[in-house]
Amino acid sequence: MNANITPEKISIVKISAGAFTQQNLEISVLRLDTIHPVVSGNKWFKLRFELEQAIQKGKKIILTFGGAWSNHIVATACCAKQNGLQSIGIIRGEEERQLTPAMEDARDLGMELIFISREDYRKKKIPVHLSNDSTYIIEEGGYGPLGARGAATILDIKGTNGYSHICCAAGTGTTLAGLILAAGPTQTVIGISTLRNNFDLEKNILSLTGDGHPGYFISHDYHFGGYAKWEPPLIDFMNEWYRQTNIPSDFVYTGKLFFAIRDLADKKYFPPGSNLLMIHSGGLQGNRSLSKGTLIF
């Protein structure tokens with residue numbers, strides 16, 4: 001799949017001890033956010049095999065689902081365009097008079113946007129005229145076996161195999177499942193759920209990984225009110241984190257991940273000497289919904 005991505009250039013940044021109060025941990029961040037200006041973070045990994053299969057099957061249209069601020073929608077529009085495919089986004093909720101920046105980006109990349117009611121969205125209703133042999137459907141957030149298989153290749157990146165813990169934010173659970181599948185027998189994968197009461201997450205993980213993968217832990221304690229919700233302590237943390245590390249985060253996913261791991265470290269959750277790798281899954285465009293000046297980056 002052509003997306004002008006060069007995974008071998010992704011960097012791993014070691015975090016200074018000052019960012020964590022527990023000094024006997026080693027913390028690093030895998031900067032997936034730097035791989036592409038649009039298809040940022042984990043999005044390319046989840047899409048790579050879906051797009052490859054669509055092309056192999058001779059499909060002409062990529063159809064997928066998402067909300068008005070969806071990173072997945074924008075990434076899919078970009079990847080489809082770069083591979084000479086049309087794209088359609090089924091968007092949750094009625095169309096607003098003013099499109100969000102994410103929707104504007106997707107539209108500018110050539111995606112046809114179709115807004116449907118939240119009830120129809122829950123049922124994943126696709127307009128009849130769009131259901132044809134030329135259309136390839138990708139689930140919301142890239143969820144599915146191919147998405148997980150793609151996410152698993154994140155741990156193919158050089159330098160990721162020496163960590164005791166692999167940590168990521170979780171929405172649909174696709175990236176988390178991929179990391180679980182790819183992790184070594186001595187590695188523990190930690191998922192930080194970004195949705196409130198997202199208890200289907202465990203079911204999604206089992207569906208994508210099967211039994212026999214006990215080395216993971218999911219926390220539901222750091223959603224800050226729910227998906228795309230935030231509270232002042234999270235914003236304060238994100239600004240302080242940037243001052244200390246020069247690494248930007250977003251309030252939907254990575255801000256919650258970094259906050260959670262530091263809090264767990266403060267609570268002595270990790271055994272002394274643990275070596276943690278946090279996955280920066282991109283998504284920075286979501287910060288555009290915040291008022292100017294809320295973040296210092």
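All residue numbers refer to positions in the sequence shown, counting from 1.
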Visitor: Are I61 and L130 connected into the same hydrophobic cluster when the rule is that any two of I, L, V, M, F, W, Y join if their side-chain heavy atoms are below 4.5 Å apart?
Guide: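 Yes; tracing contacts between hydrophobic side chains, which count when under 4.5 Å, links both residues.
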Visitor: Are L51 and L85 packed together at the side-chain level, in the sense that at least one heavy-atom pair is separated by less than 4.5 angstrom?
Guide: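 In contact.
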Visitor: Surrounding CZ of R288 (heavy atoms of other residues, nucleotides or ligands, distance under 6.0 Å), is the total greater than 12?
Guide: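 Count over threshold, so yes.
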Visitor: Are any of the side-chain nitrogens in K124 or E140 under 4.0 Å away from the carboxylate oxygens of its partner?
Guide: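 Yes, K124 and E140 are salt-bridged.
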Visitor: In terms of heavy-atom contacts, does CG of D133 have more than 12 from other residues, nucleotides or ligands at under 6.0 Å?
Guide: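 Atom CG in D133 is not crowded, with 12 or fewer foreign heavy atoms closer than 6.0 Å.
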Visitor: Can the ring centres of F224 and W230 be said to be less than 6.0 Å apart?
Guide: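 When the ring centroids of F224 and W230 are compared, they turn out to be at least 6.0 Å apart.
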Visitor: Which class fits the ring pair F259 and F237: parallel under 30°, tilted 30 to 60°, perpendicular over 60°?
Guide: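 Correct class here is perpendicular.
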Visitor: For a quick test of reading the model, state the closest non-hydrogen atom pair linking A151 to L179 and the distance between them.
Guide: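 Minimum heavy-atom separation between A151 and L179: O-CD2, 4.3 Å.
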Visitor: Between the side chains of R48 and E52, is the shortest nitrogen-to-carboxylate-oxygen separation below 4.0 Å, so that they form an ion pair?
Guide: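 Looking at E52 and R48, the cut-off is not met.
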Visitor: How are the rings of Y253 and Y227 set relative to one another: parallel (under 30°), tilted (30 to 60°) or perpendicular (over 60°)?
Guide: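 It falls in the perpendicular class, over 60°.
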Visitor: Could you please spell out the steps behind the side chain to side chain donor-acceptor pair (under 3.5 Å) verdict for Q53 and Y136?
Guide: CA-CA 9 Å; Q53 179 164 277; Y136 184 90; 2.9 Å; yes
Visitor: Kindly compute the distance separating CD1 (I91) from CE (M111), expressed to the nearest 0.5 Å.
Guide: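 Here the rounded value is 6.5 Å.
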Visitor: Measure from the ring center of H280 to the ring center of F258 and say whether it is less than 6.0 Å.
Guide: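 When the ring centroids of H280 and F258 are compared, they turn out to be within the sub-6.0 Å range.
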Visitor: Same cluster or not: M103 versus I114, using hydrophobic residues (I, L, V, M, F, W, Y) connected whenever any side-chain heavy atoms lie under 4.5 Å apart?
Guide: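 Unlinked, M103 and I114 end up in two clusters.
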Visitor: Does a side-chain heavy-atom distance below 4.5 Å link L234 with Y222?
Guide: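 Result no, sub-4.5 Å side-chain heavy-atom pair not found.
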Visitor: Can you hop from I12 to V189 via hydrophobic side chains spaced under 4.5 Å?
Guide: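 Same cluster: I12 reaches V189 through Ile, Leu, Val, Met, Phe, Trp or Tyr contacts under 4.5 Å.
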Visitor: Output the distance between atom OH (Y216) and atom CG (L181), rounded to the nearest 0.5 Å.
Guide: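 Rounded to the nearest 0.5 Å, the OH-CG separation comes out at 10.5 Å.
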Visitor: Given F65, which of I126, T76, I88 fulfils the side-chain contact (heavy atoms from CB on, under 4.5 Å) condition?
Guide: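 Answer after filtering I126, T76, I88: I126.
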Visitor: For the residue pair K81 and D108, what are the closest heavy atoms and their distance?
Guide: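 Closest approach of K81 to D108, heavy atoms only: NZ-O, 4.3 Å.
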Visitor: Starting from the C-alpha separation in whole Å, work towards a yes-or-no answer on side chain to side chain donor-acceptor pair (under 3.5 Å) for S193 and H223.
Guide: CA-CA 6 Å; S193 176; H223 54 72; over 6 Å; no
Visitor: With a 4.5 Å cut-off on side-chain heavy atoms, are F251 and K256 touching?
Guide: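 No, every pair of side-chain atoms sits at 4.5 Å or beyond.
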Visitor: Quick one: do S40 and D33 satisfy side chain to side chain donor-acceptor pair (under 3.5 Å)? Show the steps, please.
Guide: CA-CA 5 Å; S40 173; D33 57 307; 5.9 Å; no
Visitor: Do you know which two heavy atoms are closest between I73 and A106, and how far apart they sit?
Guide: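 Minimum heavy-atom contact is CG2-CB, 3.8 Å.
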Visitor: Less than 4.0 angstrom from a charged side-chain N to a carboxylate O is my criterion; do R243 and E240 meet it?
Guide: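 Salt bridge between R243 and E240, a charged N being under 4.0 Å from a carboxylate O: yes.
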